[in-house]
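Nothing fancy with the numbering, it's 1 onward along the sequence.
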Amino acid sequence: MITEMKIKELDRQLKDIEKEIDTLSKRQELLWDKRTTMFYELDLPCKIKYELAKDGGFFSDTYRIFFEKGELQEEIYSGTVPYENPSQYRITQVPEKYQHDFLMIWKKIYKERKEKEEEKIKKWSEMFHKKYTDAHMITDFNKLHMKRFYKILAMALHPDNKDGDMEAMQYLNYLREELDIGN
């Protein structure tokens, strides 16, 4: 009985800690957003720079993140930026005085990469839609078969039938018009 009470107390403490972690994470995110906004609004020079090292196509661009020491550049990271936040290990590899700027630049790269990917997806989707809706994919042979299928389905779905379905019949008529297969 005492052991069960101790376990319940430990569970309660763990739950409290999880809530606190969640609250702190949300607060941290807000502070990051505020820092980034202020940084760019003030147009402060950033010692951490980045460049696209290799355009790898979809999801695989390689970036080079570095900081400038006078006229020299010391590379901090070279690779893809697949996640919104770098690993804790990656952060510890950056000199402490540059860690906040590194995180800010990492998030900026991630955001730009994400927007670039979304634009590619949108473009490809539009190209696919245009190609397969504008193209005359339906041959006379296909139209003949579609017409037969339409008649069979129309007889089965017609609302005058015992098992007819008005909504399905309306959708079938909509398809007939879209596919231009006539009656």
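- The closest side-chain heavy-atom distance from F102 to R90 is below 4.5 Å.
- Remark: the backbone N or O of D61 is not paired with any side-chain donor or acceptor of R113 at under 3.5 angstrom.
- Open room surrounds CZ on R27; 12 or fewer heavy atoms of other groups in view lie less than 6.0 Å from it.
- A heavy-atom distance below 4.5 Å is found between the side chains of R64 and Q73.
- Cluster annotation: W32 is connected to L42 through the hydrophobic network of ILVMFWY side chains, with a link wherever side-chain heavy atoms come within less than 4.5 Å.
- Residues L10 and Q13 have side chains in contact (heavy-atom distance under 4.5 Å, counting atoms from C-beta outward).
- At a threshold of 4.5 Å between non-hydrogen side-chain atoms, the residues M166 and Q170 count as touching.
- Placement of L157 and F149 in two distinct hydrophobic clusters is found when ILVMFWY residues are connected by side-chain heavy-atom separations under 4.5 Å, directly or transitively.
- Between the CD1 atom of I48 and the CD1 atom of I76 there is a distance of 3.5 Å, given to the nearest 0.5 Å.
- Atom NZ of K49 has more than 12 neighbouring heavy atoms from other residues, nucleotides or ligands inside a 6.0 Å radius.
- To the nearest 0.5 angstrom, T92 atom OG1 is 6.5 Å from Q88 atom CD.
- A donor-acceptor pair is defined here as one N or O able to donate and one able to accept, closer than 3.5 Å; no such pair exists between the side chain of T36 and the backbone of D33.
- Taken from CG in N173 to CG in L153, the straight-line distance is 11.0 Å, to the nearest 0.5 Å.
- Salt-bridge annotation for K26 and E29: absent, with no side-chain N of the basic residue lying under 4.0 Å from a carboxylate O of the acidic one.
- More than 12 heavy atoms of other shown residues, nucleotides or ligands fall within 6.0 angstrom of atom CD in E115.
- To the nearest 0.5 Å, atom NZ of residue K151 and atom CG of residue L172 are 12.5 Å apart.
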Notebook entry, point to check: What do the steps show when you test E9 against R12 for salt bridge (charged side-chain N to carboxylate O under 4.0 Å, His left out), and what is the final call?
Noted result: CA-CA 5 Å; E9 176 59 25; R12 187 194 60 75; 2.5 Å; yes
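- In terms of heavy-atom proximity, Y110 sits nearest to P82 at CE1-O, 3.6 Å.
- With hydrophobic clusters built from ILVMFWY side chains whose heavy atoms lie under 4.5 angstrom apart, Y50 shares a cluster with I91.
- The neighbour count for Y171 OH, taken as heavy atoms of other residues, nucleotides or ligands under 6.0 Å away, does not exceed 12.
- The two residues K47 and Y98 have their closest heavy-atom pair at CB-CE2, 3.6 Å.
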Notebook entry, point to check: What do the steps show when you test Y63 against L52 for side chain to side chain contact (heavy atoms under 4.5 Å, CB included), and what is the final call?
Noted result: CA-CA 5 Å; Y63 293 89; L52 179 64; 3.8 Å; yes
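- For the atom pair M169 CE and D160 CG, the distance stands at 10.0 Å (nearest 0.5 Å).
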Next item on the list: Verify salt bridge (charged side-chain N to carboxylate O under 4.0 Å, His left out) between R35 and D101, making sure each step is shown before the conclusion.
Entry: CA-CA 10 Å; R35 180 192 192 276; D101 288 345; 2.8 Å; yes
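- Within a 6.0 Å radius of NE2 in H100, other residues, nucleotides and ligands contribute 12 heavy atoms or fewer.
- Between R176 and Y150 the shortest heavy-atom distance is NH1-OH, 2.7 Å.
- The backbone N or O of V94 sits less than 3.5 Å from a side-chain atom of Q99, completing a donor-acceptor pair.
- Following chains of ILVMFWY side-chain contacts shorter than 4.5 Å, one cannot reach F66 starting from L103, and the two form parts of different hydrophobic clusters.
- Atoms NZ and CG, from K19 and L24 in turn, are 14.0 Å apart once rounded to the nearest 0.5 Å.
- E96 CD: 12 or fewer foreign heavy atoms inside a 6.0 Å radius.
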